[in-house]
Amino acid sequence: MSTSVLICDDSKLARRQLARSLPDDWDIKVEFAEDGVHCIEQIKALSPEILFLDLNMPQMDGYEVLQAIQEQNLDILTVVVSGDIQPNAHQRVLELGAIDFIQKPCDAQKLADIIEHHGIKDKAMRERLSHRLGEQVDPDVRDIYQELTNVAMGQAGDLLARLLNVFVELPIPNVNILEVNELDMALRSIDANATTSGVCQGFIGGGVSGEALLLLNDSSFKEIASLMNYQGELNKKIELELLMDISNILIGAILTGLSRQLDMTFSQGHPVVLGQHCDVSDLVKANKSRWQRTLAIEISYGIENHNINCDLMLLFTEDSLKTLKYKVAYLLED
């Protein structure tokens, strides 16, 4: 049975190019939408399974389409296809429920890789992914997790600011329940063209366990070394020391901040180097056996006027969710 595909773009040329780029061996029926308003109408009328969505459109842009899909609980898997390649665009569409992002002009091989990666040719895989994306964290619970993390990451940011004598930009933390493949997607907010180094540190206490994952864009090392007044030549050993210094500060401070608010004590394991100078996707693939279905809290630190990009993710095990929900319920009590 054919897979129903909807392509939404305000450019007729772009719609045709994307349709021609879809795999020849994929049994599909393709429909089109000319803007965001038309897209929502087509989704409701045709119930397509896959949506390829442009971002910059008149009347209703791609972000608004993604928001409408969430608010109206429309059952469709969305891949964003856009010329907007800034990292914040990647992160924002993933937060709004897109399963992936591909840059215009659309590369047929990249498109095929994304389709293969998510298994969306297979109906059972599509249904499973659709179910997973439909599972949301309760809004009240999400608000508590975000507020707890806000306080903890503020303490961590303060320590980093004092160490480097800079202004640390603090984002709104992103809270989701993820599986390994979705963790891979979440980490794509980091520049896809840059290499990354990563450290992971386990923690456990009071019925809660997990790992803190810190990823540092490799382009950050030179500026971090300068801010820490390191005068020598950078090499892999020195970069590892800098990575460990940053991870010790951020992971230690944020776990301490959370443990105090949750009234529990976390014991921390030894930090484990996940990789140096790796593509994010390779780093995650090499370590995916470490993570299963998890509550993930993502924090992307930036430093004003410096090219330093650091992502910190707290990955709580599925077994920890019951205890965390109990703690959150207590905090929500009047």
Side-chain angles (χ1 to χ4, degrees), residues 2-9 11 14-33 39 43 48-57 62-63 65-66 69-70 74-134 176 178-196 278-286 288 291 296:
S2 297
T3 300
S4 177
V5 174
L6 178 63
I7 296 174
C8 177
D9 198 301
S11 165
R15 294 196 298 269
R16 288 182 173 178
Q17 286 180 333
L18 181 56
R20 286 196 296 266
S21 298
L22 294 171
D24 293 333
D25 61 349
W26 193 12
D27 184 11
I28 55 176
K29 179 181 179 182
V30 180
E31 302 286 350
F32 300 99
C39 179
I43 293 172
E49 296 174 82
I50 313 293
L51 168 64
F52 293 97
L53 176 67
D54 185 28
L55 288 181
N56 298 319
M57 297 181 292
Y63 297 111
V65 170
L66 288 168
I69 288 172
Q70 283 191 337
L74 301 176
D75 186 16
I76 191 166
L77 301 178
T78 305
V79 176
V80 168
V81 185
S82 176
D84 188 348
I85 60 173
Q86 53 184 319
N88 285 346
H90 292 219
Q91 182 175 5
R92 187 176 175 189
V93 299
L94 294 175
E95 290 171 354
L96 287 171
I99 65 170
D100 218 319
F101 186 109
I102 186 169
Q103 179 182 344
K104 283 184 176 181
C106 182
D107 178 83
Q109 184 56 54
K110 174 64 174 176
L111 185 56
D113 290 343
I114 286 174
I115 291 169
E116 180 67 25
H117 174 74
H118 297 296
I120 56 179
K121 283 185 182 180
D122 181 79
K123 183 174 179 61
M125 287 293 290
R126 291 198 302 273
E127 290 176 348
R128 181 171 178 271
L129 181 55
S130 179
H131 173 74
R132 287 292 303 116
L133 291 173
N176 284 297
L178 302 174
E179 291 190 8
V180 172
N181 287 343
E182 294 162 323
L183 175 61
D184 189 4
M185 289 186 282
L187 293 172
R188 293 188 187 193
S189 60
I190 300 172
D191 190 346
N193 297 317
T195 55
T196 300
C278 305
D279 291 335
V280 172
S281 58
D282 291 338
L283 186 149
V284 173
K285 287 177 184 176
K288 66 181 180 181
W291 307 301

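Excluded from the calculations below are hydrogen atoms, water molecules and symmetry mates; all remaining heavy atoms, backbone and side chain alike, are included.
- Rounded to the nearest 0.5 angstrom, L22 CG and I115 CD1 are separated by 5.5 Å.
- Of all non-hydrogen atoms in F101 and V93, the two that sit nearest each other are CD1-CG2, 3.7 Å.
- Residues passing the side-chain hydrogen bond (donor to acceptor under 3.5 Å, both in side chains) test with D24, sequence neighbours excluded: none.
- When the side-chain contact (heavy atoms from CB on, under 4.5 Å) test is applied to S4, the partners found at least two apart in sequence or on another chain are P48.
- Scanning all heavy atoms of the two residues, the minimum distance from I102 to K110 falls at CD1-CG, 3.5 Å.
- Between V5 and W26 the shortest heavy-atom distance is CG2-CH2, 4.1 Å.
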Please report the C-alpha distance between L111 and L18 in whole Å, then the side-chain angles of each, then the deciding distance to 0.1 Å, and finally whether the side-chain contact (heavy atoms from CB on, under 4.5 Å) criterion is met.
-> CA-CA 9 Å; L111 185 56; L18 181 56; 3.7 Å; yes
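- Residues forming a side-chain hydrogen bond (donor to acceptor under 3.5 Å, both in side chains) with D107 (at least two apart in sequence, or on another chain): none.
- To the nearest 0.5 Å, atom CG of residue L51 and atom CG of residue L77 are 9.5 Å apart.
- Distance CD1/I99 to OG1/T78: 7.5 Å, rounded to 0.5 Å.
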Could you check T3 against D27 for side-chain contact (heavy atoms from CB on, under 4.5 Å), going step by step and ending with a plain yes or no?
-> CA-CA 6 Å; T3 300; D27 184 11; over 6 Å; no
After noting the C-alpha distance and the side-chain angles of V65 and C8, does the key distance pass the side-chain contact (heavy atoms from CB on, under 4.5 Å) rule?
-> CA-CA 10 Å; V65 170; C8 177; 5.5 Å; no
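- With values rounded to the nearest 0.5 angstrom, M57 atom CE is found 9.5 Å from S82 atom OG.
- The distance from the CD atom of E31 to the CD1 atom of I7 is 10.0 Å, given to the nearest 0.5 Å.
- Rounding to the nearest 0.5 Å gives a distance of 6.5 Å between CG of L53 and CD1 of I69.
- Checking Q17, R16, K104 one by one against D9, the side-chain hydrogen bond (donor to acceptor under 3.5 Å, both in side chains) holds for a single residue, K104.
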